[in-house]
Amino acid sequence: MELERIDRLLTYWKRQGVTTELEAYLAGVRDYREDLEPAVIAEKIARLRLMEDDIHLYSSNWLD
């Protein structure tokens, strides 16, 4: 859903003709869109090892 909205925004501005003032903003939007790609998200999860059994996100010992 979010990717579709971003794609529509980028398509709209491409048709309108990007001005110099908007180029930096649109570059940021493109970077954000890239970060939302499922492959990028999967890579980040793999790098952080969030889906591995030996990773503990909470331990009751932390409260001691």
Side-chain angles (χ1 to χ4, degrees):
M1 180 77 156
E2 183 77 10
L3 286 175
E4 292 170 8
R5 289 176 39 209
I6 293 170
D7 287 341
R8 285 195 309 265
L9 173 74
L10 291 171
T11 300
Y12 171 79
W13 283 112
K14 185 176 181 179
R15 276 190 250 137
Q16 297 300 314
V18 176
T19 63
T20 306
E21 296 85 20
L22 281 177
E23 188 55 47
Y25 170 74
L26 292 176
V29 171
R30 286 185 205 101
D31 289 345
Y32 175 70
R33 188 213 180 283
E34 186 176 304
D35 287 344
L36 292 178
E37 282 290 335
V40 174
I41 293 170
E43 179 185 324
K44 288 179 180 181
I45 288 172
R47 189 175 345 112
L48 294 172
R49 300 176 48 205
L50 294 177
M51 303 305 279
E52 295 185 20
D53 292 337
D54 65 336
I55 302 298
H56 301 284
L57 299 177
Y58 171 78
S59 172
S60 60
N61 296 334
W62 295 347
L63 301 175
D64 294 337

Worksheet, complete the sentence: For Glu2, the side chain to side chain donor-acceptor pair (under 3.5 Å) test, sequence neighbours excluded, returns Arg5
Worksheet entry | Counterpart residues, side chain to side chain donor-acceptor pair (under 3.5 Å), relative to Gln16 (two or more places apart) | none
Discussion item. Once salt bridge (charged side-chain N to carboxylate O under 4.0 Å, His left out) is applied, do any residues pair with Glu21, and if so which ones, sequence neighbours excluded?
Written reply: none
Tell me which donor-acceptor pairs under 3.5 Å the side chains of residues 26-35 have, and how far apart each pair is, sequence neighbours excluded?
{"unit_1": "Arg30", "atom_1": "NH1", "unit_2": "Glu23", "atom_2": "OE2", "d": "3.3"}
{"unit_1": "Arg33", "atom_1": "NE", "unit_2": "Asp7", "atom_2": "OD1", "d": "2.4"}
{"unit_1": "Arg33", "atom_1": "NH1", "unit_2": "Glu37", "atom_2": "OE2", "d": "2.1"}
{"unit_1": "Arg33", "atom_1": "NH2", "unit_2": "Asp7", "atom_2": "OD1", "d": "3.3"}
{"unit_1": "Arg33", "atom_1": "NH2", "unit_2": "Asp7", "atom_2": "OD2", "d": "3.1"}
{"unit_1": "Arg33", "atom_1": "NH2", "unit_2": "Glu37", "atom_2": "OE2", "d": "3.2"}

